[in-house]
There are 2 protein chains.
Amino acid sequence: MSANSRLTIAVHALAWIGLYSEIGGGPATSASIAASVRTNPVVIRRLLSELREAELVVSHRGTPAGWTLSRPAADITLLEVKNALGEGSPFALHSSAPSVNCPIGLSIGPVLSDIYDVAEKAANDALARFTIQQSLDEMLVRSNRTKPSLFVNFTKTVQKMP
Amino acid sequence: MSANSRLTIAVHALAWIGLYSEIGGGPATSASIAASVRTNPVVIRRLLSELREAELVVSHRGTPAGWTLSRPAADITLLEVKNALGEGSPFALHSSAPSVNCPIGLSIGPVLSDIYDVAEKAANDALARFTIQQSLDEMLVRSNRTKPSLFVNFTKTVQKMP
DNA sequence: TTTAATGTAACTATAATGGTTACATTAAAA
DNA sequence: TTTTAATGTAACCATTATAGTTACATTAAA
């Protein structure tokens with residue numbers, strides 16, 4: 001594991017919670033989400049706890065426990081999800097400060113920081129144009145709406161799991 | 001060290017080579033660049049060898065050895081530098097495939113891939129608007145053009161180093 | 001009281017970044 | 001032809017982020 005798939009897993013989890021709620025399933029458990037993502041439930045709980053701090057989801061304990069969206073899926077943008085995860089710029093400055101005895105070393109930080117801000121803002125603006133609901137709808141279109149039973153079957157299978 | 005500062009180091013090196021050539025210094029050595037970046041010369045050589053494969057720089061062996069730009073600094077964009085480093089999207093899909101028994105797991109890959117492409121293209125378009133020369137000029141402005149001796153002094157200091 | 005989930009600590013594995021040493025190779029200049 | 005000062009590159013090591021896993025305390029409705 002190396003590249004940053006945290007946003008992907010978070011969107012996967014939110015779409016799953018949204019769809020599960022759409023079919024009247026109530027709070028979605030980390031185990032059922034993990035079965036779809038094919039990872040460990042703790043990985044899902046850790047990620048969702050970050051989204052809970054940003055008030056994108058609510059966790060429920062006791063019975064029935066699980067996770068629900070705080071807001072309609074149509075009101076949650078991918079940018080909000082990315083921000084909730086605390087993902088910063090993909091471009092970092094020097095890990096240790098360059099030489100201040102060189103005019104380049106002295107000023108490259110602020111200059112590149114400004115440029116990176118422009119690039120990151122452009123990417124953020126793009127992510128802000130997509131919502132969880134749009135992503136979910138597109139997923140369902142691509143996995144063929146003519147098989148509406150697929151998700152229901154999946155949730156039944158999950159519930160039988162050890 | 002963790003975040004990705006490879007683009008930053010590469011821009012630093014290219015700006016340094018460009019400025020050194022501007023003052024008639026000839027090929028810049030990895031040792032002098034490393035002194036400005038404050039890292040090990042091998043780190044610079046490794047990065048520059050990737051830029052050489054993309055034909056952004058030329059390395060010279062023998063005497064005098066060092067590095068020069070293949071093209072004017074005004075013709076090298078930050079996007080070309082990023083591409084030369086093989087930096088992909090900051091957003092990765094799942095590290096292992098999700099469940100194909102779930103409509104979300106089945107289709108989330110292509111959907112997010114399309115969205116990530118839009119966001120990455122927006123960031124790339126922004127980086128393509130900045131060149132090494134523009135970055136260098138801005139650095140020199142910020143470190144005060146009224147002290148033109150700073151860089152010359154730095155190169156002299158570097159040459160005295162062990 | 002039972003039950004089925006979350007909350008969270010602790011440990012491990014893997015990979016990327018980058019720092020370092022060592023040494024072979026190169027090509028101009030003496 | 002030898003010297004010299006650099007690049008080219010392999011081989012390590014340290015640090016960090018991601019994420020997989022186990023274990024167990026906590027929660028709250030039934």
Side-chain angles (χ1 to χ4, degrees), chain A residues 1-10 12-13 17 20 25-35 37-53 57-68 85-88 90-96 98 158-159 161-162, chain B residues 1-10 12-13 17 20 25-35 37-53 57-68 85-88 90-96 98 158-159 161-162:
Chain A
M1 306 82 218
S2 69
N4 193 355
S5 60
R6 282 159 48 84
L7 180 58
T8 294
I9 310 297
H12 192 145
I17 296 169
Y20 194 61
T29 66
S30 62
S32 60
I33 300 166
V37 175
R38 290 220 303 167
T39 184
N40 191 290
V42 174
V43 172
I44 300 298
R45 276 181 243 153
R46 274 197 299 232
L47 259 180
L48 287 180
S49 73
E50 294 182 52
L51 302 187
R52 182 186 51 217
E53 282 172 36
V57 294
V58 176
S59 63
H60 307 270
R61 305 188 68 166
T63 312
W67 304 80
T68 52
L85 296 177
E87 307 286 318
F91 312 113
L93 297 181
H94 307 68
S95 50
S96 61
V158 166
Q159 269 145 19
M161 289 186 0
Chain B
M1 309 81 215
S2 68
N4 193 355
S5 60
R6 281 158 50 83
L7 179 58
T8 294
I9 309 298
H12 192 145
I17 296 169
Y20 194 61
T29 65
S30 62
S32 60
I33 301 167
V37 175
R38 291 219 301 165
T39 185
N40 192 290
V42 174
V43 172
I44 301 298
R45 276 181 243 152
R46 273 196 298 230
L47 260 179
L48 286 180
S49 74
E50 293 182 54
L51 302 187
R52 182 187 51 217
E53 282 171 37
V57 295
V58 176
S59 63
H60 307 270
R61 305 188 69 166
T63 310
W67 302 81
T68 52
L85 297 177
E87 307 285 318
F91 312 112
L93 296 181
H94 306 68
S95 49
S96 61
V158 165
Q159 268 145 19
M161 290 188 0

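Protein chains get the first letters and strands the later ones, always in sequence-line order, with residue 1 at the start of each.
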Considering non-hydrogen atoms only, spot the tightest contact between [X] and [Y] and give its length.
X: A:P27; Y: A:A65; answer: CB-O, 3.8 Å
X: A:S5; Y: B:S95; answer: OG-N, 4.4 Å
X: A:S96; Y: B:R38; answer: OG-O, 4.2 Å
X: A:A28; Y: A:I17; answer: CB-CG1, 4.0 Å

Verdict with reasoning, A:V58 to A:R52, per side chain to side chain contact (heavy atoms under 4.5 Å, CB included): CA-CA 6 Å; A:V58 176; A:R52 182 186 51 217; 6.0 Å; no
[X] [atom1] - [N] [atom2] separation (whole Å):
X: A:H60; N: D:dA28; atom1: NE2; atom2: P; answer: 12 Å
X: B:R6; N: C:dT17; atom1: CZ; atom2: C1'; answer: 8 Å
X: B:E87; N: C:dA16; atom1: CD; atom2: P; answer: 12 Å
X: A:I9; N: D:dA17; atom1: CD1; atom2: P; answer: 19 Å
X: A:N40; N: D:dC24; atom1: CG; atom2: P; answer: 16 Å
X: B:H12; N: C:dG18; atom1: NE2; atom2: C1'; answer: 16 Å
X: A:L51; N: C:dT6; atom1: CG; atom2: P; answer: 14 Å

Listed nucleotide nearest any side-chain atom of A:N4, set C:dG7, D:dT22, D:dT18: D:dT18
Closest to the A:S59 side chain, choosing from D:dT7, C:dT6, C:dG18: C:dT6
How many angstroms lie between [atom1] in [X] and [atom2] in [Y], if you round to the nearest 0.5 Å?
X: B:R45; Y: B:E50; atom1: CZ; atom2: CD; result: 15.0 Å
X: B:I33; Y: B:Y20; atom1: CD1; atom2: OH; result: 10.0 Å
X: A:W67; Y: A:L51; atom1: CH2; atom2: CG; result: 8.0 Å

Touch class at under 4.0 angstrom, heavy-atom based, for B:R38 against every strand present: nothing
Touch class at under 4.0 angstrom, heavy-atom based, for A:S49 against every strand present: nothing
Among B:L48, B:N4, B:L85, B:V37, side-chain contact (heavy atoms from CB on, under 4.5 Å) partner for B:I9: B:V37
Under 4.0 angstrom between B:S95 side-chain N/O and D:dT18 OP1 or OP2: no
Side-chain N or O of A:S5 closer than 4.0 Å to phosphate OP1/OP2 of D:dT18: no
Pairing string, 5' to 3', for DNA chain D - Watson-Crick or wobble contacts under 3.5 Å, brackets [ ] where pairs cross, | to another strand: ||||||||||||||||||||||||||||||
Nucleic acid contacts of residues 41-48 of chain B, taken as heavy-atom distances under 4.0 Å to DNA chain D: B:V42, B:R45, B:R46
A:L47 vs A:I44 side-chain heavy atoms within contact, under 4.5 Å: no
Side chain proximity check, B:E87 to B:L7, heavy atoms < 4.5 angstrom: no
A:T8 side chain to B:H94 backbone, donor-acceptor under 3.5 Å: no
Got a list of protein N/O to nucleotides 27-29 of chain C N/O distances below 3.5 Å?
{"unit_1": "C:dA28", "atom_1": "O4'", "unit_2": "B:T63", "atom_2": "O", "d": "2.8"}
{"unit_1": "C:dA28", "atom_1": "O3'", "unit_2": "B:T63", "atom_2": "O", "d": "3.2"}

